[in-house]
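When a residue number appears, it is its place in the shown sequence, counting from 1. One-based numbering, in listed order, for ligands and for the atoms of each.
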Amino acid sequence: MSDLLSRFDALLADLDGTLYAGKEAVPGAVAAVRAAAERGVRTAYVTNNASRRPADVAAHLVELGYPATTEDVRTSSQAGAAMLAAQLPAGAKVLVLGTDALADEVALRGLTPVREAAGAVAVVHGHSPDTGWRQLAEATLAIRNGAVWVATNVDPTLPTERGPMPGNGSMVRVVQTATGMDPQVAGKPAPALILQAHRDGERSLVVGDRLDTDIEGGNAAGLPTLLVLTGVSTPRDVLEAPERQRPTYIGADLGVLSEDPGPEGWRVSDGVLSGEGSPVAALRALLAAGSGPDVRADGDQAVHALEALGLG
Ligand SMILES: [Mg+2]
């Protein structure tokens, strides 16, 4: 088959907004990942969320119907602990600002997780709903004393059922303000997490719903990317994105893996869309033409496509 999937050996897939939204699977995503597995294309589940253990993430995925094992899950906790292990001697004390799941990853890498600044030669900073002033103060003290500082991720917000809440990036900002220092970052859009999920010699496709994390991270890792429109980023965002956040491929959802995604019958000339086809194909044509969001339509089909894309 000459569909998109046939060009790859591995999908490095984001979770929230790509495979699930809260407690529900994203429509079409389970079938797409299962079909990939049947054709020998593995899926690595790559998440910036550092608060859950890989085994818990895998269990959630299996419950939703995904073919996932603990080994298939890559979290920013694992990537952050690996970054520390590459820089520190075995047994070095690492101040863990985050959950016990993060402390476990630090211990698995042969380092010693601690909860106070005394003796700590490094700080690892991941999301925990229990982080307060005392923990931030210990981290500040250790970093001012010269500790290596790694943030699992710098997402400003965390999606919750009540709306966006302060994410790890917001807490990192507190320590940045207090120390005047910047952390090394493991999670997307930095390439470290993605590169740990990628295997040399495989043709990997980075898949996600956010231009500023998944797609930028895939580009930084030097890998092709697929944006799905099932989560955060919108068609307008795509056309406003800087070069470093532009995806290689765009799909309405993961069903695009069994298609040959092109511009179909759309044409773009001087900021005017004409022709016919699906709305997402019109978006591909606009992106390929370097169009901004202020595009005009020529014909009823084009009018409808732009309306469907929120660009009307
Ligand atoms: Mg996402």
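With 2.8 Å as the limit, Asp16 counts as an N, O or S neighbour of the Mg ion (ligand 1).
For the pair Leu306/Val295, a side-chain contact is recorded, criterion being any heavy-atom separation below 4.5 Å from C-beta on.
Using a 4.0 Å cut-off between a side-chain N of Lys or Arg and a carboxylate O of Asp or Glu, Arg210 and Asp155 do not qualify as a salt bridge.
The atom name of the N/O/S atom in Asp14 closest to the Mg ion (ligand 1) is OD2. The atom of Asp209 that is an N, O or S and sits closest to the Mg ion (ligand 1) is OD1.
Here the rule is side chain to side chain contact (heavy atoms under 4.5 Å, CB included) with Thr131, and of Thr99, Asn168, Leu97, Val174 only Leu97 fits it. Paired with Tyr20 under the rule side chain to side chain contact (heavy atoms under 4.5 Å, CB included), one option of Val30, Leu61, Thr230 passes, and it is Leu61.
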